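Each remark here refers to the structure printed beneath this line.
Please read all numbers here as calculations on a predicted model, not as lab measurements.
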Amino acid sequence: MRKPFKLLVTAVLSAVMLSVFALSMAACGSDKDGDACPYNNGVHDWGEWQRSATEHLHTCRDCGKKSSGKHTQGTCAECAYGFKVLAFGFDTGGDTAHSDFAREANVWFPARGEQLGFSYEYVGTDYSHLNDDELSSVDLVIFLNDRPWTESQQDAFTRYMEAGGAWMGFHSAAFSMRELGGYWDWYQDDFLACGDYAKNTWNPTSEPLYVETYDHPATKHLDDEFFISAPCEWYGWEYDLFENEDITVLLTLNPTKENPAGDQPDKNKQHEIWYDGHYPIAWANDNYNMVYMNWGHNLQSYNDGKEGKSSSTFSSDAQNTFMLDAMYGLALRSVKQRLSPCSGAFLTK
C-alpha cells in the first residue's frame, strides 16, 4: 500500500508545482491593466513610454487603450524613469582624442539626463566603485574610453553583468592588444566577442552607418537605411562578429572605392583608408544586457598642429538617438531583470 500512496503524493505535489509555475508565468505575461485587447488574441501591444517627472503613459498600438501610472520609488520599475548611470573613463592624459571625448560626454549626458529623467555620475578611473554593494544600486554602467584593470574590479563587473546589469561602451573601451599585456579574456572574447584590435582608419571621418536590424531598442527609431555618423577613427577587430551566433550586429560601416573610410594623406599609410569590407560598428551580445559603439574619438588633427583641433562627437542627431534609445532599453531591461521573480536574476536593489 505504501508504494501507491507514495505515487499519489508525488502526483499531487507535481500538480501543485505545475499550477504554481503556470500562475507565476501567467503573472509575468498577464495584462496588468485588466481589460483585454479586442485584437491580437487579447494581448495589448503597448507603444513607447511617454514619461513626465511623476508618471508614465503608453498606448496600445492595436486598440488605442491608454495605460498610465505613477513612477515607483527610485528607478521606476515600469518605465525606468530615474535610472542611474555610473560612468568611467579618463578625461585627462592618455590619447587626447579619447580624453576629449570623455569631457564632452560628461557635459552631453548630464544635460540629456536633465531633460529625460536619468542621473549620470562620472567617477573617472576610480574603478574601486566596481564593487557589489555600489553596483547593486546602479542601473547602467558606461565605459567611455577605458576599463578596469585589477582582477577584483573585473570580477565585480563580471558578476554585475551576469546578474542582469546593463553596460554601454565606446571606442577605446574595447581596445586591446595581447602584445601590450593585460588581456582580459572574458571581456574581449566572451563579453565583447571581438578579440584584439586589428586595424584602424585615419584621419577621423564622418561615414554612412547602415542599420542591420530595427528589432532592437537602440535602432527602432532610426527611420532610414543608414545615417551619417559624427567624425571618428574606426576600428577593425580580430574576430568576425558576423560568425558569432550570440552577437547581434546593429550598425555597420561598408566602405567602397567610391566612398572610402578615412582620408590618410601619408602615402606610406594608405592601408589606413578602407576601400571595401563590411565592418561591425555597434553590436549587442545576446547573452548580456549590453551595447558597444565604435565611436568615441573626437575630430582632431595629430599632424603638425597648425590646423588646431575641433570636436563633433555629438554632431549626428541619428547617432545621438541611437545612444539614448540604447540607454533606456538597457536600463529598462536591467530594472526588470533585477526586480522581477520571472527573470531568474535576483540582484538586490
Side-chain angles (χ1 to χ4, degrees), residues 51-53 75 80-130 134 137-148 166-175 203-207 209 217-218 221-222 227-235 251 281-282 290-302 305 307-331 334:
R51 304 170 178 90
S52 70
T75 303
Y81 187 90
F83 70 85
K84 295 177 62 176
V85 177
L86 184 63
F88 297 87
F90 56 87
D91 58 1
T92 59
D95 187 305
T96 55
H98 301 163
S99 57
D100 283 351
F101 166 67
R103 287 198 297 275
E104 293 149 15
N106 290 334
V107 173
W108 192 84
F109 282 116
R112 302 294 83 73
E114 287 284 333
Q115 295 173 346
L116 300 175
F118 63 85
S119 65
Y120 178 90
E121 181 182 5
Y122 172 70
V123 294
T125 55
D126 184 2
Y127 290 104
S128 66
H129 290 274
L130 290 179
E134 190 159 353
S137 63
V138 172
D139 301 303
L140 174 63
V141 170
I142 291 180
F143 290 174
L144 293 170
N145 52 22
D146 193 27
R147 44 86 160 184
W167 176 87
M168 193 164 80
F170 294 92
H171 195 59
S172 58
F175 181 89
N203 284 307
T205 53
S206 294
E207 300 294 341
L209 300 183
H221 289 141
L222 299 179
F227 65 85
I228 303 301
S229 74
C232 189
E233 168 202 28
W234 306 102
Y235 287 161
L251 302 173
I281 294 301
M290 61 83 79
V291 171
Y292 169 77
M293 293 149 285
N294 193 211
W295 57 81
H297 181 295
N298 76 342
L299 176 63
Q300 66 177 36
S301 170
Y302 290 109
E307 301 91 340
K309 83 178 172 184
S310 60
S311 175
S312 301
T313 302
F314 297 97
S315 61
S316 168
D317 289 341
Q319 186 170 293
N320 295 343
T321 294
F322 179 99
M323 285 187 284
L324 292 171
D325 283 347
M327 291 176 72
Y328 258 110
L330 293 167
S334 174

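Ring geometry, Trp295 versus Phe227: the interplanar angle exceeds 60°, so the pair is classed perpendicular (tilted spans 30 to 60°). Classified by interplanar angle (parallel below 30°, tilted 30° to 60°, perpendicular above 60°), the ring pair Phe143/Phe88 is perpendicular. Ring planes of His171 and Tyr235: parallel class, angle under 30° (limits at 30 and 60°).
Residues Pro217 and Asp325 come closest through the heavy atom pair O-CB, 3.1 Å. Taking each heavy atom of Gly82 and Thr75 in turn, the nearest pair found is O-OG1, 3.5 Å. Summarising the geometry of Gly117 relative to Tyr328, their closest heavy-atom pair is O-OH, 3.8 Å, with the distance given to 0.1 Å. Contact between Pro204 and His297 at its shortest, heavy atoms only, is CG-CE1, 3.7 Å. Between Tyr81 and Ala53, the shortest heavy-atom contact is OH-CA, 3.3 Å.
Although no hydrogens or angles enter the test, the distance criterion places no donor-acceptor pair under 3.5 Å between the side chain of Asp91 and the main chain of Ala102. The backbone N or O of Ala230 lies less than 3.5 Å from no partner atom in the side chain of Ser315, so there is not a single donor-acceptor pair.
Residues Met293 and Met168 are in side-chain contact: their nearest non-hydrogen atoms beyond the backbone lie under 4.5 Å apart. Inter-residue side-chain proximity for Ser206 and Ser316 is flagged as unmet; no heavy-atom pair is nearer than 4.5 Å. Asp139 is not listed as a side-chain neighbour of Phe118, based on a closest heavy-atom distance of 4.5 Å or more. Using a 4.5 Å cut-off on side-chain heavy atoms (C-beta onward), Phe322 and Leu209 make no contact. Counting heavy atoms from C-beta on, the side chains of Trp234 and Thr205 come closer than 4.5 Å.
Note that CD1 of Ile281 is 8.0 Å distant from OG of Ser229, once rounded to the nearest 0.5 Å. Rounded to the nearest 0.5 angstrom, Glu207 CD and Ile228 CD1 are separated by 8.0 Å. Atom-to-atom distance recorded for Phe109:CZ and Met323:CE is 5.0 Å, nearest 0.5 angstrom. Taking CG of Leu144 as the start and NE2 of His98 as the end, the distance is 12.0 Å to the nearest 0.5 Å. Taking CD of Gln319 as the start and CG of Leu251 as the end, the distance is 8.5 Å to the nearest 0.5 Å. Atoms CG and CG, on Leu130 and Leu86 in that order, are 7.0 Å from each other to the nearest 0.5 Å.
Residues passing the side chain to side chain contact (heavy atoms under 4.5 Å, CB included) test with Asp146, sequence neighbours excluded: Phe90, Thr125, Tyr127, Trp149. Here Ser52 pairs with Thr54, Glu55 under the side chain to side chain contact (heavy atoms under 4.5 Å, CB included) rule; sequence neighbours left out.
Applying the side-chain hydrogen bond (donor to acceptor under 3.5 Å, both in side chains) definition to pairs two or more places apart or across chains, those involving residues 106-118 are Asn106-Tyr120, Arg112-Gln115.
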